[in-house]
There are 4 protein chains.
Amino acid sequence: MNKRSGSESKKRILSAAVKVFSQYGYRGASMRLIAKTAAVSVGAVYLYFRNKEELYYTLIKNKLDDLDARTGEILRDMEDPEETMKNFIAMRLEHARRHREHILIQVKENGFTFGIKMKKDFFRHQREVVEKIIRKGIASGKFRKCDAEEVSKIIICTLRGFILSVVVEPDALFSPEECGSLILKGLLK
Amino acid sequence: MNKRSGSESKKRILSAAVKVFSQYGYRGASMRLIAKTAAVSVGAVYLYFRNKEELYYTLIKNKLDDLDARTGEILRDMEDPEETMKNFIAMRLEHARRHREHILIQVKENGFTFGIKMKKDFFRHQREVVEKIIRKGIASGKFRKCDAEEVSKIIICTLRGFILSVVVEPDALFSPEECGSLILKGLLK
Amino acid sequence: MNKRSGSESKKRILSAAVKVFSQYGYRGASMRLIAKTAAVSVGAVYLYFRNKEELYYTLIKNKLDDLDARTGEILRDMEDPEETMKNFIAMRLEHARRHREHILIQVKENGFTFGIKMKKDFFRHQREVVEKIIRKGIASGKFRKCDAEEVSKIIICTLRGFILSVVVEPDALFSPEECGSLILKGLLK
Amino acid sequence: MNKRSGSESKKRILSAAVKVFSQYGYRGASMRLIAKTAAVSVGAVYLYFRNKEELYYTLIKNKLDDLDARTGEILRDMEDPEETMKNFIAMRLEHARRHREHILIQVKENGFTFGIKMKKDFFRHQREVVEKIIRKGIASGKFRKCDAEEVSKIIICTLRGFILSVVVEPDALFSPEECGSLILKGLLK
DNA sequence: TATGAATGAGGGTTCATTCAT
DNA sequence: CATGAATGAACCCTCATTCAT
């Protein structure tokens, strides 16, 4: 059909794949539909990706790398740990809202076996970031003393819950500020 | 050609279905595999469930009803709101740990259309329970003043995150007590 | 369930089979539905008929035997060949109208391989009857001279067409008299 | 993995379908067998026809359209109604003989619900054609006076019978001439 | 004589993947 | 680089038939 540069086609396919995977899940998405959505032939998809699995994998990898980069930025100029924690949470929520489809893909195929190591690495790194913030907060006397590792896990989980909600019920928005507040101040007086 | 009591077979099928659905997701699970796992013929599955969808639906419904009942129990004898909230969170986490596979099924098929009303009803009810506890806590002066509806949403999301983690990474356990603590006391001193 | 005499059950099954076969055709009819319609268990059907094929075969055979008997009666007191021919045609049409379902079964499974000999025998016999009437008619000078065998075939076919129509479009009735007339007098002046 | 031109495959499939449907009926015919008969993969059949129903429908439609066209030709140059009627009957019989399998398909699935409107339209049109010939015949004084509508119905039925016979017993041929004769002249002197 | 749970082959259909062009 | 017809394994589901009761 149209002649396009190779990389252009690849981008189109990736973009189409995000849409289709997020809507139908890994198994529900058909290569034909992805190709059609990308306005490309079925064969073309196999030109750029060995198979469905690799296409899916690439998608996830791209997004996690992106998120890793943004996390790095936030960490770079950490001064006030409270501020940093708020920024981190807000960034993750904002990212989830903007890339709802990507998160959906992962949510739907959670437990799916591809790229499980990649995901574990990502989550470990995120947790370590949070732990680092907490330690800084405790050291600076702003956070109450607690088991930084344990609490970092909990916060990551909490965040996961927030993000899941953002993605699953995009209409029922709640403010990142309140989320941050709860984590920082708790319910009790 | 084994003869088994009807209800025995049905139980075996349900139990097999939980395993298979939780491992492969709705689409990934094949009726053949479910039948095989239940040590039953394909036809037998259709003897007890009209189709795949109904089998899936029954699974979800059973578990949600169960959870509704346990939630009711906790609410019934609420005296100290702080205690009730802790109990509620602990119950949900405990339940998730014990029925990991069931939660997995739902996580994986999030966005899947069957029984969506049933799920929505469940989540609304759970949120209302939390809201009720919060209002009681504020009224009794134990909780800081806040928008009970908004915060109940956030807590449900937080909980969702905890549960997701319990289910996705069953090894990386963290204590229900700490979870409750974070929600109640927050990170700050 | 109910205790019934064996022959009663058999009758019920046959009667149910006629209904179900005529509505759904041989392949479309399920043994389960036949059993249900007969208010009998699936197993019971296999008590009286070795399998689906035999049940079907029995049905057809019964009806053809019945028709053979009636044809015999008409032939017995043949005096006026014109009258006899009219009676024969009327009888067949009347029979078709009253046993619409049976005819439908055969129409639908025409070419079906069971009992093909039985049907051939039946049709041959019917044709011979018609041939006999024609010969008598020619001999008596009432019918124009023609190849009795050839014409008997044609009349049988004509009749088949009439019957098919009676069965397929039961509302669009046309009179047996007119049918007889056409065959006897033709279109020409 | 043979490469064939698309339209070639489609033709092969249609041709195979005629054979298989005519032998086994709609329900008895399996897509697998049709594919095999066409020397094509199962998937290929679904490349050209959305499903079994559409394949069947296409078959019927093609043939009915063809027959409509031939009927039109005969009507176009009607001069002598007797001649036209003979031609019409002969054409239909000839057509039945040449497309035995197609007729068989329809005979077997009579009462089958697909495309029922299409068939009704066809039959209505055919009857109107016959009615037109009859009226012309009466007007020209060659045919005896009769209820043209009623008699056209009967003739269509008669024809149906002839065709059915041609198709069901292809060996027991009888001449189109004699068929025409019977309809025109009747049995009586 | 009667039941109906159980079986498993087979039916319609989809879809990841390949390959001649 | 790109196409899309073709393949065939695998999916969900039905149903004739059997057999323990």
Side-chain angles (χ1 to χ4, degrees), chain A residues 1-10 27-36 40-53 55, chain B residues 1-10 27-35 39-53 55, chain C residues 1-10 27-36 40-53 55, chain D residues 1-10 27-35 39-53 55:
Chain A
M1 211 165 279
N2 275 343
K3 282 286 170 190
R4 268 187 295 267
S5 83
S7 87
E8 226 252 79
S9 282
K10 191 166 182 175
R27 304 201 89 113
S30 83
M31 294 299 264
R32 224 196 289 298
L33 182 54
I34 291 172
K36 197 177 173 184
V40 141
S41 74
V42 205
V45 178
Y46 283 86
L47 227 51
Y48 296 104
F49 303 92
R50 213 170 340 133
N51 51 29
K52 196 179 181 182
E53 182 177 332
L55 173 54
Chain B
M1 209 148 295
N2 257 344
K3 276 296 159 163
R4 264 188 294 267
S5 87
S7 84
E8 227 251 78
S9 282
K10 191 168 182 174
R27 299 193 91 120
S30 85
M31 293 301 263
R32 260 176 190 64
L33 182 55
I34 291 173
V40 139
S41 72
V42 202
V45 179
Y46 286 88
L47 224 51
Y48 297 102
F49 303 92
R50 216 166 337 140
N51 50 32
K52 195 181 182 181
E53 181 177 333
L55 174 54
Chain C
M1 208 165 280
N2 275 343
K3 281 284 170 191
R4 269 187 294 268
S5 83
S7 87
E8 227 251 79
S9 282
K10 190 166 181 174
R27 302 202 91 115
S30 83
M31 293 299 264
R32 226 195 290 297
L33 182 54
I34 291 173
K36 196 177 174 185
V40 141
S41 73
V42 204
V45 178
Y46 283 86
L47 227 50
Y48 297 104
F49 304 92
R50 214 172 335 136
N51 50 31
K52 196 180 182 183
E53 182 177 333
L55 173 54
Chain D
M1 209 145 297
N2 256 343
K3 278 294 160 168
R4 264 188 294 269
S5 86
S7 84
E8 227 250 79
S9 282
K10 190 167 182 175
R27 298 193 91 118
S30 84
M31 295 300 265
R32 266 168 186 69
L33 182 55
I34 291 173
V40 141
S41 73
V42 206
V45 179
Y46 286 87
L47 223 51
Y48 297 102
F49 303 92
R50 216 167 335 145
N51 49 31
K52 195 181 183 181
E53 182 177 332
L55 174 54

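A, B, ... follow the sequence lines: proteins, then strands. Residue 1 opens every chain.
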(Q) Using the side-chain heavy atoms of A:Ala44, tell me which of these nucleotides is nearest: F:dA16, E:dT3, F:dT3. (A) F:dT3

**Q.** Nucleotide nearest A:Met31 when distance is taken to its side chain, options F:dT17, E:dA16, E:dG8
**A.** E:dA16

Q: Quick one: the dot-bracket string of DNA chain E, using Watson-Crick and G-U wobble pairs with both distances under 3.5 Å, [ ] for crossing pairs and | for bases paired to another strand.
A: .||||||||||||||||||||

(Q) If the condition is side chain to side chain contact (heavy atoms under 4.5 Å, CB included), which residues does C:Arg32 pass it with, not counting sequence neighbours? (A) C:Ser30, C:Val42

Q. When we call it a touch if two heavy atoms are under 4.0 Å apart, what does A:Ala35 touch: a base, just sugar-phosphate, or nothing?
A. nothing

Q: Starting from P on F:dG4, measure out to CD1 on A:Ile34 and report it in whole angstrom.
A: 17 Å

Q. In whole angstroms, how far is the P atom of F:dG4 from the OH atom of D:Tyr48?
A. 13 Å

Q. Relative to the 5' end of DNA chain F, which residue comes earlier, D:Gly43 or B:Gly28, by the nucleotide with the nearest heavy atom?
A. D:Gly43

Q | Atom-to-atom span, NZ of A:Lys36 to P of E:dC15 - whole angstrom | A | 13 Å

Q: Can you tell me the distance, in whole Å, between the CZ atom of C:Arg27 and the C1' atom of E:dG10?
A: 11 Å

Q.
Quick one, B:Leu55 and B:Met31 - any side-chain contact, counting heavy atoms below 4.5 Å?
A. yes

Q | Listed nucleotide nearest any side-chain atom of A:Ser41, set F:dA9, F:dT3, E:dA5 | A | F:dT3

Q: Would you mind telling me which of F:dA16, F:dC13, F:dA2 lies closest to the side-chain atoms of C:Lys52?
A: F:dA16

Q. Considering only F:dT3, E:dG11, E:dA6, which nucleotide approaches the side chain of D:Ser30 most closely?
A. E:dG11

Q | For D:Ala44, all residues meeting side chain to side chain contact (heavy atoms under 4.5 Å, CB included), sequence neighbours excluded | A | D:Val40, D:Ser41

Q) Is the phosphate of F:dA2, meaning OP1 or OP2, less than 4.0 Å from a side-chain N or O of A:Ser9? A) yes

Q.
I want to check one thing: is the phosphate of F:dT3, taken as OP1 and OP2, less than 4.0 Å away from some side-chain N or O of A:Tyr46?
A. no

Q: Rounded off to whole Å, could you give me the CG-to-P distance for the B:Leu47 and F:dT14 pair?
A: 12 Å

Q) Between the side-chain atoms of D:Arg32 and the base atoms of E:dG12, is any donor-acceptor pair under 3.5 Å? A) yes

Q: Let me know the distance between CD of A:Glu8 and P of F:dA2, rounded to the nearest Å.
A: 10 Å

Q | DNA chain E: 5'-proximal contact among A:Ala29 and D:Val42 (nearest heavy atom) | A | D:Val42

